[in-house]
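One structure below.
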2 protein chains.
Amino acid sequence: MKQTKRKQLETKGWKIGTAADFLGLTPEEAFIEMKMSLSRSLKEMRQRKHLSQTAFAKLIKSSQSRVAKMETGSASVSIDLLIKSLLALGASQKDLAKAIRSKSKVA
Amino acid sequence: MKQTKRKQLETKGWKIGTAADFLGLTPEEAFIEMKMSLSRSLKEMRQRKHLSQTAFAKLIKSSQSRVAKMETGSASVSIDLLIKSLLALGASQKDLAKAIRSKSKVA
DNA sequence: TGACAATATGTCACATCTGGCATATTATTT
DNA sequence: AAATAATATGCCAGATGTGACATATTGTCA
């Protein structure tokens, strides 16, 4: 739905589906977006610390392959793991909140 | 971390290391805090919509017992499930970001 | 180019999470 | 108080996520 139309409806007292789909995202899509966002944040933080995937994997007692999967947004990675990893890198809850909100670039 | 709070968490199935507690949140504790925060948000949103746990469970194709576990902060619930549930209730990523940052009160 | 480090992908046994059911506990209504 | 609704807790089989390993691909530098 277009922004303009939504605004018109809202000023007329309509309450349209909330939120998650404000930008046209279904809950599932929003969920995926969030994962991708966390993925990117993780990669950025790791690189900023000059850690290889292997070194980081050791740090969080995981494996290089799983770190790679985290950073490429593989479906086999849970948000739990992403968040635990980010926290291990020193991310604050504030950082995570920010990461969750940042959108992915569509090109 | 307060003794009373620790006890409550333990009865929910959480296992917390006993090591350095007073010096702020360990990543593990921060992780638990986040979950508790999401739990509270979920309960609030559901109640605001006047849905029983049973009705909400049907909505997200889960069970009343799991919804109860989500809201009581059981350790057997993943952040993935909490977030999916919140999104299903219409939470925006902004809402989630907010939820993640707010501290949980156990007392 | 070749050698080497970093990252990506596939597979799998094992661990954790999930839904559903039964049942217990707590609130609400009559 | 009894009946009823709502919520909580325990359990378990099946689903999903995990670490680890092998191997492939990509990147970098001599």
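From a predicted model like this one, the values you see are computed outputs, not experimental measurements. Residue numbering restarts at 1 for every chain, and letters A, B, ... go by the order of the sequence lines.
Judged purely by atom type and a 3.5 angstrom limit, S62(B) has no side-chain atom pairing as donor or acceptor with the backbone of A57(B). Between the K84(B) side chain and the I60(B) main chain, no donor and acceptor come within less than 3.5 Å of each other.
Picking from dC21(D), dG19(D), dT18(C) the nucleotide with the shortest atom distance to the side chain of L81(B) gives dT18(C). Nearest nucleotide to the side chain of R66(A), out of dT7(C), dC21(D), dT18(D): dT18(D). Distance from the side chain of S65(A) is smallest for dG10(C) among the nucleotides dG19(D), dG10(C), dA8(C). Among the nucleotides dA6(C), dG19(D), dG10(D), the one closest to the side chain of S52(A) is dA6(C).
A donor-acceptor contact under 3.5 Å is formed by the side chain of Q64(A) with the base of dA8(C). The base of dG19(D) does not come close enough to the side chain of K69(A) for any donor and acceptor atom to sit less than 3.5 Å apart.
Nucleic acid contact class of S63(A) (heavy atoms, under 4.0 Å, all strands): base. Residue-level contact check: K43(B) touches the backbone only, with heavy atoms under 4.0 Å from sugar-phosphate atoms and none from bases. V67(A) comes within 4.0 angstrom of nothing in the nucleic acid, heavy atoms only. Using a 4.0 Å heavy-atom criterion, one finds that S74(A) contacts no nucleic acid atom at all. Residue S76(A) is in base contact, counting any heavy-atom pair closer than 4.0 Å across all strands shown.
Across Q64(A), E71(A), K69(A), a single residue satisfies side-chain contact (heavy atoms from CB on, under 4.5 Å) together with V67(A), and that is E71(A).
Counted by atom type alone, S63(B) and S65(B) present one or more donor-acceptor pairs between their side chains at under 3.5 Å. Side-chain contact of S74(A) with S76(A): a donor-acceptor pair under 3.5 Å is present, judged by distance alone.
Between M70(B) atom CE and dT9(D) atom P the separation is 15 Å, expressed in whole Å. In this structure, the CZ atom of R46(B) is 12 Å from the C1' atom of dA8(D), given to the nearest Å. Distance K35(B) NZ to dT16(C) P: 12 Å, rounded to the nearest Å. As a whole-Å value, the separation of Q53(B) CD from dT26(C) C1' is 12 Å. As a whole-Å value, the separation of Q47(B) CD from dA5(D) P is 19 Å. Following rounding to the nearest Å, F56(A) (CZ) and dA8(C) (P) show an atom-to-atom distance of 14 Å. In this structure, CG of D80(A) is placed 19 Å from P of dA15(C), rounded to the nearest angstrom. Distance, H50(B) NE2 to dT7(D) P: 13 Å, rounded to whole Å.
Applying the 4.0 Å criterion to OP1 and OP2 of dT16(D), one finds that S78(A) has every side-chain N and O outside that range.
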